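Just the heavy atoms: all of them, side chains too, but no hydrogens, waters or symmetry mates, feed the values below. Note that the structure is predicted; figures quoted are calculated from it, not measured.
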There are 2 protein chains.
Amino acid sequence: MFTNVLRYLNSDQISDLEQNKFNVSFSQGETIFKQGAPMTHIIVIDKGLLKVYLESGLRHSIILRLLKSGEIAGGPGFHTDYRHHFSLMALEDTELTFIDINKFESFILDNSIFALEFIAYLNKAHISFYDKLKTIQHKQMNGRMAATLCYLSDNIYKSNNFETNLSRQDIADMSAMTKESAIRILKNFKDSGIIECENNTFNILNKDSLMDIFENG
Amino acid sequence: MFTNVLRYLNSDQISDLEQNKFNVSFSQGETIFKQGAPMTHIIVIDKGLLKVYLESGLRHSIILRLLKSGEIAGGPGFHTDYRHHFSLMALEDTELTFIDINKFESFILDNSIFALEFIAYLNKAHISFYDKLKTIQHKQMNGRMAATLCYLSDNIYKSNNFETNLSRQDIADMSAMTKESAIRILKNFKDSGIIECENNTFNILNKDSLMDIFENG
DNA sequence: TTGTTTCATTGACATTTATCATACCTCTAC
DNA sequence: GTAGAGGTATGATAAATGTCAATGAAACAA
């Protein structure tokens with residue numbers, strides 16, 4: 001039934017969850033929660049695509065990752081300060097399941113297999129963040145943009161040809177640069193024949209070359 | 001007895017741990033484990049100071065944090081790929097307790113309070129990590145160096161006047177810049193009367209000013 | 001002693017990246 | 001239609017930061 005860590009819940013817990021969860025729809029562009037707000041629920045993505053991003057000051061935000069159907073939006077506020085440490089916004093029309101955080105906590109206390117697997121889920125996210133940190137700090141703009149395009153094609157859209165609701169600003173925020181720089185680099189990739197991009201449609205023509213740019217510069 | 005998350009173990013588990021743990025000493029500069037190596041133990045720092053750092057390619061490394069007495073070095077390889085995702089090196093002569101990873105996993109499976117508190121421990125690390133990402137991406141060099149000096153004085157040495165084994169390269173790796181830039185900025189801070197620094201001795205003369213540079217500069 | 005190594009320092013310079021200004025679309029509202 | 005808003009695109013310029021080279025200082029071995 002569940003494709004995520006919730007599949008480790010036992011049958012009692014699943015029926016408990018069925019009775020207590022509730023579902024909410026969001027339209028493209030709507031904010032699910034804001035960084036700093038109290039954390040009252042764990043969220044499961046049933047349908048759609050969302051961006052997880054850090055806000056700091058008046059400047060740009062940092063897009064940490066995208067969440068798609070089947071994934072969970074918890075957050076490090078769980079059992080610490082019970083606040084959200086990132087903001088969550090729908091990139092497409094989205095359907096979500098909200099699980100009360102006390103309920104979620106009781107699942108962990110009553111089911112140690114689930115607890116262990118939830119730890120593994122957190123650790124996997126942590127591994128990705130280490131990779132992101134390495135990319136941001138050690139790669140230049142071309143490499144960072146290549147990383148973003150590979151992430152989108154490999155992890156999100158699972159195709160070399162995809163249409164996206166991400167704006168140029170979003171793509172810049174994923175790649176740790178300004179939108180002007182992002183636009184320039186996309187144009188370079190286009191002129192080099194590595195990608196085609198027209199408005200919101202991207203087509204990766206030469207994935208090997210893109211991978212090479214990601215690896216080596 | 002324990003000042004960290006291990007205090008949530010029950011008495012049976014603590015006596016089990018006492019019989020199965022083992023202690024190892026490391027000298028300054030010695031590596032405890034390397035990124036990529038198999039993860040066989042969880043490590044508790046009994047005494048000393050260590051640096052947790054990411055290695056990527058031939059270039060600089062990234063120092064994620066320092067670990068001091070009472071803290072735990074787990075890592076996101078736990079219950080995922082059982083590999084280390086960062087390297088760990090002693091900055092001072094250090095005494096460590098090694099806990100077998102299977103034993104640690106059984107503690108989680110047998111004690112859900114411990115599991116929940118371990119999740120909280122991971123989440124707190126995750127929150128710091130978000131802060132680090134924001135600092136690296138949105139602050140310029142002065143701000144990043146101020147952050148490092150505040151971290152050292154507030155979290156590690158708990159004094160405005162401290163002696164450290166960190167090299168200039170280490171301080172640069174904590175601040176996401178080259179060692180030349182780190183040296184230049186330290187000199188600027190020195191010339192501005194914000195700090196004194198002579199070899200390995202640092203004295204923060206104007207903490208308010210340093211905080212201001214961290215916030216706004 | 002001398003040579004060697006490692007780290008710290010400094011300056012000149014090059015590169016990377018952001019900022020600013022402007023123009024051009026494509027919507028939508030009126 | 002037309003004006004405004006928001007996103008996209010492009011060029012000129014400035015700022016931030018890294019690279020390279022050279023020197024000095026301290027530690028240490030032969």
Side-chain angles (χ1 to χ4, degrees), chain A residues 27-30 51 56-63 89 91 135-148 163-192 195-202 213 216-217, chain B residues 27-30 51 56-63 89 91 135-148 163-191 195-202 213-214 216-217:
Chain A
S27 302
Q28 177 187 347
E30 284 188 310
K51 65 173 176 180
S56 67
L58 309 166
R59 299 300 179 104
H60 328 283
S61 53
I62 302 169
I63 296 184
M89 182 185 286
L91 287 168
T135 298
I136 287 177
Q137 194 152 343
H138 289 318
K139 309 270 186 198
Q140 304 195 168
M141 291 201 298
N142 284 336
R144 300 205 299 270
M145 179 57 76
T148 296
E163 196 175 348
T164 180
N165 285 339
L166 290 163
S167 67
R168 295 293 187 269
Q169 181 67 62
D170 286 331
I171 290 171
D173 288 343
M174 295 177 75
S175 311
M177 63 185 70
T178 60
K179 68 174 187 305
E180 290 92 335
S181 293
I183 288 165
R184 271 184 257 270
I185 287 167
L186 287 174
K187 181 175 157 58
N188 285 350
F189 285 1
K190 206 168 157 184
D191 292 346
S192 311
I195 63 168
E196 282 174 347
C197 72
E198 195 72 34
N199 298 322
N200 293 339
T201 308
F202 289 77
I213 292 168
N216 304 314
Chain B
S27 303
Q28 177 188 346
E30 285 188 309
K51 65 173 176 178
S56 68
L58 310 166
R59 299 300 181 103
H60 329 282
S61 53
I62 302 169
I63 296 183
M89 182 185 285
L91 288 168
T135 299
I136 287 179
Q137 193 152 341
H138 289 319
K139 310 269 184 197
Q140 305 194 166
M141 290 201 299
N142 284 336
R144 300 204 299 271
M145 179 57 76
T148 296
E163 196 176 346
T164 180
N165 285 339
L166 289 163
S167 68
R168 294 294 187 270
Q169 181 67 61
D170 286 331
I171 290 171
D173 288 343
M174 295 177 75
S175 311
M177 62 185 71
T178 60
K179 69 173 188 306
E180 289 93 338
S181 292
I183 288 165
R184 271 184 257 270
I185 288 166
L186 287 174
K187 183 174 157 58
N188 286 350
F189 285 1
K190 205 168 157 184
D191 291 347
I195 62 168
E196 282 174 347
C197 72
E198 194 73 34
N199 298 320
N200 293 339
T201 308
F202 288 77
I213 292 169
F214 169 58
N216 306 313

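Taking only side-chain atoms of A/Glu180, from C-beta outward, the nucleotide of C/dC20, D/dT19, D/dT8 with the closest atom is C/dC20. Nearest nucleotide to the side chain of A/Gln140, out of C/dA18, D/dA9, C/dT16: C/dT16. For A/Met141, the listed nucleotide lying nearest its side chain is C/dT17; candidates were D/dT10, D/dG18, C/dT17.
Residues B/Arg144 and B/Ser175 share a closest heavy-atom pair of NE-O, 2.9 Å. When every heavy atom of B/Phe189 is checked against every heavy atom of B/Ile213, the shortest pair comes out as CE1-CD1, 4.0 Å.
Put simply, CD1 on B/Ile171 is 14 Å from C1' on C/dT9, counting in whole angstrom units. Atom CD in A/Gln137 sits roughly 16 Å away from atom C1' in C/dT17 (whole-Å rounding). In this structure, A/Ile185 places its CD1 atom 8 Å from P of C/dA18, rounding to the nearest Å. If you take CE of B/Met145 and C1' of D/dG18, they are 15 Å apart, rounded to a whole angstrom. When rounded to the nearest whole Å, the span between CD of A/Gln169 and P of C/dT19 equals 11 Å. Summarising the geometry, the separation between CZ on B/Phe189 and C1' on C/dT9 is reported as 17 Å, rounded to the nearest angstrom. Rounded to a whole Å, the CD1 atom of A/Ile183 is 16 Å from the P atom of C/dT17. In this entry the distance linking CZ of A/Arg168 with C1' of C/dC24 reads 15 Å, nearest Å.
Listed for the B/Asn188 side chain is no donor-acceptor partner under 3.5 Å among the backbone atoms of B/Ile185.
For A/Arg184 and C/dT17, the shortest distance from a side-chain N or O to OP1 or OP2 is not below 4.0 Å. Considering only side-chain N and O atoms, B/Ser181 lies nowhere under 4.0 angstrom from the phosphate OP1 or OP2 of D/dT17. Side-chain N/O atoms of A/Thr178 include one lying less than 4.0 angstrom from OP1 or OP2 on C/dA18.
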I'd like to know whether B/His60 forms a side chain to side chain contact (heavy atoms under 4.5 Å, CB included) with B/Lys179, so could you lay out the CA-CA distance, the side-chain angles of the two residues, the decisive distance to 0.1 Å, and finally the verdict. CA-CA 10 Å; B/His60 329 282; B/Lys179 69 173 188 306; over 6 Å; no
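Contacts of A/Lys179 with the nucleic acid, taken as non-hydrogen atoms under 4.0 Å apart, include base atoms.
Judged as a side-chain contact (heavy atoms from CB on, under 4.5 Å), and not counting sequence neighbours, the contacts of A/Asn200 are A/Glu163.
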